[in-house]
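Data first, discussion second: the structure below is written as structure tokens.
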Amino acid sequence: MNRKMIVHTVGRMVLLEAGILVLPLLVSALYRETCIGAFLLTILLAVVAITCNIYPLYHNVGEAVRQSVFQVASVITTTGFSTADFNLWPGLSKGILFLLMFIGVCAGSTAGGLKISRVMILMKNIRRQLRHMLHPRSVGTLRLEGKPLDEETVSGVSAYFALYMVCLAAVFLLISFEPFGKESNLTATVACFNNIGPGLGVVGPVGNYAAYSAFSKYVLSAAMLLGRLEIYPLLLFCSPSAWVRNK
């Protein structure tokens, strides 16, 4: 039995065992609307969509699944590894990976991104606002992990998302003079801010950031700090009012 057959056999066994173990957890988590359920569902949908999209490139279901699983897991967990040049993948697959760069993993993780809990709160708040527009007298309470959320938490997440987008826009504008096109500059911004690693275009899996100017590298390094340490702590650290000792 050659090496390729061994890899494929082990891969099928791992996928089968993962399905047996993960599917009951996924069903249970989705029923209770937990963050882990949303996280697993996001990965599952992304893997299925990308597998179907890149199958014509590999003409092998096992290989397409293997490549999609690894790339999706690496991007959403902000690991930074890649086993394929997804720059060469169709636009749909690259678009899905780009969206996964924003999501990140569950709260409490050291990974980058918005975190799945914030994304869930934002989506639930949008749904509540739409329901309120249809039924102005309705009063809705948002819940996460089965527990009610107070309005201070919801407004805090909304404010953080607004600040997050402002920071992304500022970094993108600061490096937009680089002659690498919108795809490279935008994904470089998102990849650095969310601590992903590879992006698309010049900064793709087989590329790097060496061609960027020193100024852009400083800007992207600052974006990495903002994304890794979270925005509020770093802004407070740079605020002179935070240095004054309360009497």
Side-chain angles (χ1 to χ4, degrees), residues 4 7-8 10-12 14-16 18-19 22-23 26 30 36-106 109 111-116 118-120 122-123 164-165 168 171-172 175 178 180-209 211-212 220 223 227:
K4 188 173 182 180
V7 171
H8 286 175
V10 173
R12 293 190 189 98
V14 170
L15 288 174
L16 178 60
V22 171
L23 283 178
L26 176 59
L30 288 176
I36 185 64
F39 178 66
L40 293 174
L41 180 62
T42 301
I43 292 177
L44 179 63
L45 293 177
V47 167
V48 171
I50 292 178
T51 298
C52 295
N53 193 226
I54 67 174
Y55 173 75
L57 297 178
Y58 296 98
H59 301 288
N60 184 294
V61 175
E63 183 67 12
V65 171
R66 186 175 69 86
Q67 295 292 357
S68 62
V69 167
F70 190 95
Q71 269 45 250
V72 167
S74 178
V75 169
I76 200 169
T77 59
T78 68
T79 304
F81 295 114
S82 61
T83 57
D85 183 7
F86 48 76
N87 253 332
L88 304 177
W89 286 4
L92 175 61
S93 297
K94 293 192 291 185
I96 293 173
L97 292 177
F98 178 69
L99 292 178
L100 293 179
M101 292 180 183
F102 290 91
I103 296 175
V105 293
C106 300
S109 170
L114 276 171
K115 302 294 190 297
I116 196 73
R118 289 195 181 109
V119 175
M120 289 181 68
L122 287 170
M123 294 297 103
Y164 174 89
M165 296 305 296
L168 278 178
V171 173
F172 174 66
I175 70 168
E178 298 284 358
F180 304 124
K182 294 188 290 294
E183 182 183 64
S184 295
N185 291 336
L186 179 59
T187 56
T189 299
V190 175
C192 287
F193 200 93
N194 295 319
N195 290 266
I196 304 296
L200 297 172
V202 175
V203 295
V206 297
N208 53 56
Y209 295 80
Y212 278 85
L220 294 174

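- Every pair passing side chain to side chain donor-acceptor pair (under 3.5 Å) that includes a residue from residues 189-200 is listed here, sequence neighbours excluded: Y164-N194.
- Distance check, rounded to the nearest 0.5 Å: NZ of K94 to CG of L88 gives 8.0 Å.
- A pairwise comparison of heavy atoms in P205 and G199 identifies CD-O, 4.0 Å as the closest pair.
- The side chain to side chain donor-acceptor pair (under 3.5 Å) check on T51 picks up S68, with sequence neighbours excluded.
- Pairing each heavy atom of A64 with each of Y55, the nearest pair is CB-CA, 4.2 Å.
- Side-chain contact, S82 with Q71: no donor N or O sits under 3.5 Å from an acceptor N or O.
- S93 places none of its side-chain heavy atoms less than 4.5 Å from the side chain of F86.
- Expressed to the nearest 0.5 Å, how far CZ of F39 lies from CG of L44 amounts to 12.0 Å.
- Inter-residue side-chain proximity for L97 and I50 is flagged as met; some heavy-atom pair is nearer than 4.5 Å.
- Taking CG of L57 as the reference point, atom CD of E63 lies at 11.0 Å (rounded to 0.5 Å).
- To the nearest 0.5 angstrom, F193 atom CZ is 11.5 Å from L220 atom CG.
- For T78, the side chain to side chain donor-acceptor pair (under 3.5 Å) criterion is met by no residue, not counting sequence neighbours.
- For the side chain to side chain donor-acceptor pair (under 3.5 Å) test, residues two or more places apart in sequence or in another chain that qualify with Y58 are W89.
- The closest side-chain heavy-atom distance from I196 to V190 is not below 4.5 Å.
- The backbone N or O of L200 lies less than 3.5 Å from no partner atom in the side chain of N87, so there is not a single donor-acceptor pair.
- Taken to the nearest 0.5 Å, the CG atom of L100 stands 7.5 Å off from the OG1 atom of T42.
- In terms of the side chain to side chain donor-acceptor pair (under 3.5 Å) criterion, residue partners of T77 (sequence neighbours excluded) are, by chain and number, T79.
- Here the closest non-hydrogen pair linking S184 and G201 is OG-CA, 3.4 Å.
- Between G80 and P198, the closest heavy-atom pair is O-CD, 3.6 Å.
- Every residue meeting the ring-ring contact (aromatic ring centres under 6.0 Å, His included) condition with F102, not counting sequence neighbours, appears here in chain and number order: F98.
- Taking the side chain as every heavy atom from C-beta outward, F180 and I175 never approach each other to under 4.5 Å.
- A distance of 10.0 Å separates CD1 in I116 from CE in M123, rounded to the nearest 0.5 Å.
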